[in-house]
Amino acid sequence: RPCTKLQSSCTNGSATVSGRDSDGNASTWLASNELHVGSPPNGTGTLLVNDGALLITQAGAYIGGYPEGVMTVSGRDTVWENSGDDIRLGYVRTMGTLFIDNGATVRNAAGAILGRSNSSLRGRTGIVSVSGAGSRWTNQGSVVVGEGSEFSDSIEAVGELTVTDGAYVSSAVGNLGGSNSDIRAY
């Protein structure tokens, strides 16, 4: 996405973690601190984990942290393990999107927030799409789809969760909608 005239600076970044070696060892990225896909002040980020690769996050993840982040976990034997804090999508004035497809697995030891706003953090949109037989997203904590602000009628959070074509999603608790939120579950 190109920079606009209103932005003083803008950065775009992308990363790919892909495949296995001839001995079957997965290409691996270990993020021992937070993972940000799209970072301040005006960064757009994309991350692709596919073809049997492994991503390990030990302190949670922000997807869409200013202004947009897109993450795709795709393919059989491809795994993202989050052992840290929550996964947050569309957290602050942003759009965050996570695609889990083609038999990939995301194992989350915490919870997830899809679209969030409060009185000081203007949230936007968090989208997760899980599709295809064998594709799995498991969460040991709560999954909140749209967490709006109770303090302002003008601040809206949009959360969207789509599970299709034989995919599987689980969570300890499912929370659809908070104050002033727009829920889109298909």
Approximate separation, where rounding is to 0.5 Å, of Arg136 CZ and Ser170 OG: 6.5 Å
In this structure, CG of Leu98 is separated from CD1 of Ile127 (nearest 0.5 Å) by 10.5 Å
Is there a continuous path of hydrophobic side-chain contacts, each under 4.5 Å between heavy atoms, that joins Val79 to Val106? no
Qualifying residue, where the test is side chain to side chain contact (heavy atoms under 4.5 Å, CB included) with Thr28 and the options are Leu54, Leu55, Val17, Val49: Leu54
If you define the side chain from C-beta out and look only at heavy atoms, does anything of Arg107 sit under 4.5 Å from Trp137? no
When every non-hydrogen atom of Tyr168 is compared with those of Val163, the smallest separation belongs to N-CG1, 4.2 Å
Within the structure provided, determine whether Thr162 and Val130 are in side-chain contact (heavy-atom separation under 4.5 Å). no
Verify side-chain hydrogen bond (donor to acceptor under 3.5 Å, both in side chains) between Ser135 and Asp101, making sure each step is shown before the conclusion. CA-CA 6 Å; Ser135 298; Asp101 58 30; over 6 Å; no
Would you please name every residue forming a side chain to side chain donor-acceptor pair (under 3.5 Å) with Asp23, sequence neighbours left out? none
Between the CD1 atom in Ile87 and the CG atom in Asp85, the distance rounded to the nearest 0.5 Å is 10.0 Å
Return yes if some donor-acceptor pair links the side-chain N/O of Asn139 with the main-chain N/O of Val143 below 3.5 Å, else return no. no
Grab the two heavy atoms, one from Ser14 and one from Thr46, that are nearest each other, plus how far apart they are. CB-OG1, 2.9 Å
Could you tell me whether the side chain of Arg20 and the main chain of Gly52 form a donor-acceptor pair under 3.5 Å? yes
Using the side chain to side chain contact (heavy atoms under 4.5 Å, CB included) rule, take Met95 and Thr97 through it: C-alpha gap first, then chi angles, then the decisive distance, then the call. CA-CA 7 Å; Met95 179 170 207; Thr97 307; 4.2 Å; yes
Search all heavy atoms of Trp29 against all heavy atoms of Leu35 and return the closest pair with its distance. CH2-CD1, 3.9 Å
Distance in Å, Leu48 CG paired with Asp51 CG, rounded so as to fall on 0.5 Å steps: 8.0 Å
Between Ser142 and Val144, is there a donor-acceptor pair closer than 3.5 Å when you use the side chain of the first and the backbone of the second? no
Can you tell me if Trp80 and Thr105 form a side-chain donor-acceptor pair at under 3.5 Å? no
First locate atom CD1 of Ile113, then atom CG of Leu89, and finally report the distance between them rounded to the nearest 0.5 Å. 9.5 Å
Close side-chain approach of Val70 and Phe99, heavy atoms under 4.5 Å: yes
List the steps, then state whether side-chain hydrogen bond (donor to acceptor under 3.5 Å, both in side chains) holds for Ser74 with Asn102. CA-CA 6 Å; Ser74 183; Asn102 295 316; 3.2 Å; yes
Where is the tightest heavy-atom contact between Ala110 and Gly84, given as atom of each residue plus distance? CB-O, 3.2 Å
Do the side chains of Ile56 and Gln58 get nearer than 4.5 Å, heavy atoms only? yes
Closest heavy-atom pair and its distance - Ser32, Ala59: O-CB, 4.0 Å
Any side-chain to backbone donor/acceptor pair from Asp86 onto Arg88? Under 3.5 Å, distance only. no
Atom of Ser18, atom of Ser27 and distance for their closest heavy-atom approach: O-OG, 2.9 Å
